[in-house]
Amino acid sequence: MLDEEACYRAVQGRDARFDGVFYIGVTSTGIYCRPSCPAMTPKRENVRFYRTAAEAQAAGFRTCRRCRPDATPGSAEWNIRADVVGRAMRLIADGIVDRDGVAGLAARLGYSERQVHRTLVEEVGAGPLRLARSQRAHTARVLLETTDLPVTEIAFTAGFASIRQFNDTIREVYALTPTELRGKARRRGRAATAGTIELRLAYRQPADFRGVLDFLALRAVPGTEEVDGDTYRRSLTLPHGTGVAELTPRDGWVHATLRLADPRDLTAAVARCRRVLDLDADPQAVDDLLGADPALGPLVAARPGIRVPGTVDGDELAVRGVLGQQVSVAAARTVAGRLVAEHGKPLDTPVGTVTHAFPTAAVLASVDPSTFPMPRSRQRTLHELTRRLADGVLNLDPGVDRDEAERRLLDVPGIGPWTAKYVRMRALADPDVFLPTDLGVKHAMAGLGLPSEPRAVAELSENWRPWRSYALLHAWSTL
């Protein structure tokens with residue numbers, strides 16, 4: 001439930017921290033905005049509050065052309081929540097309704113379609129179809145403004161079932177026809193280079209992207225990813241093909257350049273780019289809690305807005321977690337690079353040093369494990385892990401039940417608590433993971449004058465819930 005008076009105070013202060021947390025509909029104009037919209041603050045009696053853009057659209061409001069509320073950061077609530085609503089919102093953001101329908105979403109969640117619909121309407125004000133429709137409209141707008149694809153092709157690429165549905169939705173959401181929307185973008189000179197899709201990914205400030213880029217650069221797998229100055233570049237394996245993403249943080253947004261083999265993958269590509277840089281985080285909430293801790297306070301002051309580096313593919317991260325067991329980061333990179341060179345799919349159009357997609361679990365499961373460049377016990381672990389991932393026994397997609405995924409990881413011979421929790425933190429975007437047995441944590445705790453014995457560290461970390469993953473990154477940053 002929204003505290004409407006608190007929400008209105010945020011609107012009066014144009015507080016960007018609440019962008020994506022809630023939306024305002026203005027009855028006198030018929031538009032909906034983000035809280036930080038620079039337009040004149042509407043009168044309180046003319047304001048209605050909504051939990052999602054889809055809910056505002058369902059209430060009859062069209063999107064504001066000034067503040068673009070459909071392009072806000074996602075709510076950090078969906079990463080915190082491990083219930084069916086949080087899982088559903090993460091899957092919908094990844095485009096599952098467009099690919100598999102509501103039936104596919106319900107099957108992934110383990111609930112009936114009716115129950116999923118009822119739960120989402122109660123919690124976020126819109127069912128899965130309405131949420132997916134809102135997302136399709138945003139995808140279509142991006143394609144209209146940044147590509148030269150024919151309008152009819154964009155309609156089906158964005159996930160609409162018919163041209164009529166596409167036209168009606170665009171007029172309802174933007175109060176413009178698709179052709180008018182494209183024309184306005186062209187007049188602003190925003191059309192992208194041929195063959196690419198360029199867009200801005202919003203986030204909440206502050207953000208320590210330098211720390212994220214350094215973390216990713218240290219672990220970048222040759223052939224699959226690289227950090228070039230302030231740009232992170234990597235290959236993507238998406239539902240309809242491969243792609244390459246280039247992400248460059250700027251003040252207030254991340255400039256993303258996407259080269260996709262199939263433009264139908266735009267929604268999934270954007271969702272995965274947001275996860276890898278943790279763009280939906282709520283840095284103010286994290287810093288307020290951790291900054292009040294006597295030991296972590298100075299670390300938070302030195303690096304406000306720290307982010308937890310995610311991944312574009314949960315299966316890939318699990319494989320890399322096994323490769324990194326009991327070896328240095330550099331050695332793990334070397335082994336991963338060999339797997340990419342030998343078993344990765346070459347890209348049709350390499351970009352920089354990114355030439356291959358990381359090999360899928362199905363490909364690695366079909367390889368003779370004795371050829372893997374690692375000790376025999378780890379060969380068996382990697383083979384068993386990839387076999388279970390390929391067979392669907394183990395699932396690491398964004399909407400999986402995190403507790404169940406961790407249990408299934410621990411069932412794989414050779415995978416222990418450290419690896420399972422590391423995968424949970426980065427692959428499943430869990431903001432509340434801590435690694436009390438980690439050697440780096442032990443050294444960090446000792447350096448901070450805190451107990452370093454694992455049990456004592458685990459007890460201390462309870463004070464940092466629900467942001468223990470961010471506390472872990474702060475601890476590692478001291479090394």
Side-chain angles (χ1 to χ4, degrees), residues 79 81-84 86-88 90-96 99-100 104-111 219 221 224 236-239 268 271-272 275-276 308-326 332 335-336 339-340 343-345 357-369 372 374-433 435 469:
N79 278 346
R81 292 176 63 160
D83 61 0
V84 64
R87 294 168 57 201
R90 293 194 292 271
L91 283 169
I92 292 170
D94 198 59
I96 190 173
R99 298 192 297 270
D100 302 330
L105 171 65
R108 291 285 190 94
L109 296 172
Y111 292 85
R219 295 160 177 79
V221 176
T224 297
L236 305 171
T237 299
L238 299 162
R272 296 173 195 197
R275 286 202 297 273
V276 79
V308 177
T311 183
V312 297
D313 189 297
D315 291 3
E316 175 188 323
L317 189 77
V319 168
R320 291 171 62 172
V322 171
L323 298 183
Q325 290 177 337
Q326 300 176 348
V335 174
L339 291 182
V340 168
H343 307 294
K345 179 180 180 180
F358 197 88
T360 64
V363 168
L364 292 176
S366 67
V367 175
D368 179 357
F372 293 146
M374 61 191 71
R376 187 170 300 174
S377 61
R378 205 166 306 132
Q379 290 175 345
R380 291 193 293 266
T381 298
L382 183 57
H383 177 71
E384 184 61 21
L385 170 67
T386 54
R387 184 188 69 78
R388 296 187 187 195
L389 288 169
D391 292 346
V393 174
L394 174 60
N395 186 2
L396 297 176
D397 69 27
V400 71
D401 182 292
R402 290 163 175 163
D403 291 335
E404 178 65 20
E406 184 176 347
R407 284 193 294 269
R408 290 183 181 270
L409 278 168
L410 291 171
D411 286 341
V412 178
I415 290 184
W418 190 98
T419 301
K421 288 189 178 297
Y422 181 77
V423 171
R424 177 170 179 156
M425 178 179 72
R426 292 194 59 201
L428 304 183
D430 190 339
D432 196 33
V433 172
L435 303 173
S469 297

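Basis for what follows: all heavy atoms, side chains included, without hydrogens, waters or symmetry-related copies.
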Exercise. What are the two closest non-hydrogen atoms of A271 and A93, and how far apart are they?
Worked result: CB-O, 3.4 Å
Seminar exercise, completed: Nearest heavy-atom contact between P239 and A268 is CD-CB, 4.1 Å
Exercise. Quick check: does any side chain N or O of T237 sit under 3.5 Å from a backbone N or O of D313, one acting as donor and the other as acceptor?
Worked result: no
For this session: Any chance you could measure L339, atom CG, to E316, atom CD, to the nearest 0.5 Å?
Result: 11.0 Å
Exercise. Knowing that exactly one of D94, V308, N79, L428 qualifies, which makes a side chain to side chain contact (heavy atoms under 4.5 Å, CB included) with R275?
Worked result: D94
For this session: Could you give me the CA-CA distance, side-chain angles and deciding distance for T386 and V319, then say whether side-chain contact (heavy atoms from CB on, under 4.5 Å) is met?
Result: CA-CA 7 Å; T386 54; V319 168; 3.9 Å; yes
Seminar exercise, completed: For residues 398-422, the ring pair (Phe, Tyr, Trp, His ring centres under 6.0 Å) pairs (sequence neighbours left out) are W418-Y422
For this session: For the pair D411 and R388, evaluate side-chain contact (heavy atoms from CB on, under 4.5 Å) and give the outcome as yes or no after the intermediate values.
Result: CA-CA 10 Å; D411 286 341; R388 296 187 187 195; 3.6 Å; yes
Exercise. Taking side chain as C-beta onward, heavy atoms only, is V340 less than 4.5 Å from P359?
Worked result: yes
For this session: First locate atom NE2 of H383, then atom CG of D368, and finally report the distance between them rounded to the nearest 0.5 Å.
Result: 8.5 Å
Problem set entry | Closest contact, heavy atoms only, G314 versus A427 | CA-CB, 3.8 Å
Exercise. Are a donor atom and an acceptor atom from the side chains of Q325 and T419 found within less than 3.5 Å of each other?
Worked result: yes
Exercise. Judged by atom type as modelled, is there a donor-acceptor pair below 3.5 Å linking the side chain of R87 to the main-chain atoms of G399?
Worked result: yes
For this session: Starting from the C-alpha separation in whole Å, work towards a yes-or-no answer on side-chain contact (heavy atoms from CB on, under 4.5 Å) for D315 and L394.
Result: CA-CA 9 Å; D315 291 3; L394 174 60; over 6 Å; no
For this session: Output yes when R424 and D403 qualify as a salt bridge under the 4.0 Å nitrogen-oxygen rule, no when they do not.
Result: yes
For this session: Check the pair R402 / E406 against salt bridge (Lys or Arg N to Asp or Glu O under 4.0 Å), numbers first and verdict last.
Result: CA-CA 6 Å; R402 290 163 175 163; E406 184 176 347; over 6 Å; no
Exercise. Applying the side chain to side chain contact (heavy atoms under 4.5 Å, CB included) test to S377, which of R380, Q379, M374 qualifies?
Worked result: R380
Exercise. What's the verdict on side-chain contact (heavy atoms from CB on, under 4.5 Å) for E384 and I415, showing C-alpha distance, side-chain angles and the deciding distance?
Worked result: CA-CA 10 Å; E384 184 61 21; I415 290 184; over 6 Å; no
For this session: Measure the OG1-CG distance between T360 and L389 for me, rounded to the nearest 0.5 Å.
Result: 10.0 Å
Exercise. Looking at R408 and E404, does any basic side-chain N land under 4.0 Å from a carboxylate oxygen?
Worked result: yes
Exercise. Got a second to check how far F358's CZ is from L236's CG, nearest 0.5 Å?
Worked result: 14.0 Å
For this session: Taking R90 for its side chain and P398 for its backbone only, find out whether a donor-acceptor pair lies under 3.5 Å.
Result: yes
Exercise. Quick check: does any side chain N or O of D430 sit under 3.5 Å from a backbone N or O of D432, one acting as donor and the other as acceptor?
Worked result: yes
Exercise. Within a strict 4.5 Å, meaning less than it, do heavy atoms of the L396 and V423 side chains meet?
Worked result: yes
For this session: Measure across I96 and G104 and return the closest heavy-atom pair with its distance rounded to 0.1 Å.
Result: CD1-O, 4.0 Å
Seminar exercise, completed: Between A405 and N395, the two heavy atoms sitting closest are CB-O, 4.0 Å
Seminar exercise, completed: When every non-hydrogen atom of R272 is compared with those of V312, the smallest separation belongs to CD-O, 3.4 Å
For this session: Could you tell me whether a side-chain N or O of T311 sits under 3.5 Å from a main-chain N or O of R426, the two making a donor and an acceptor?
Result: no
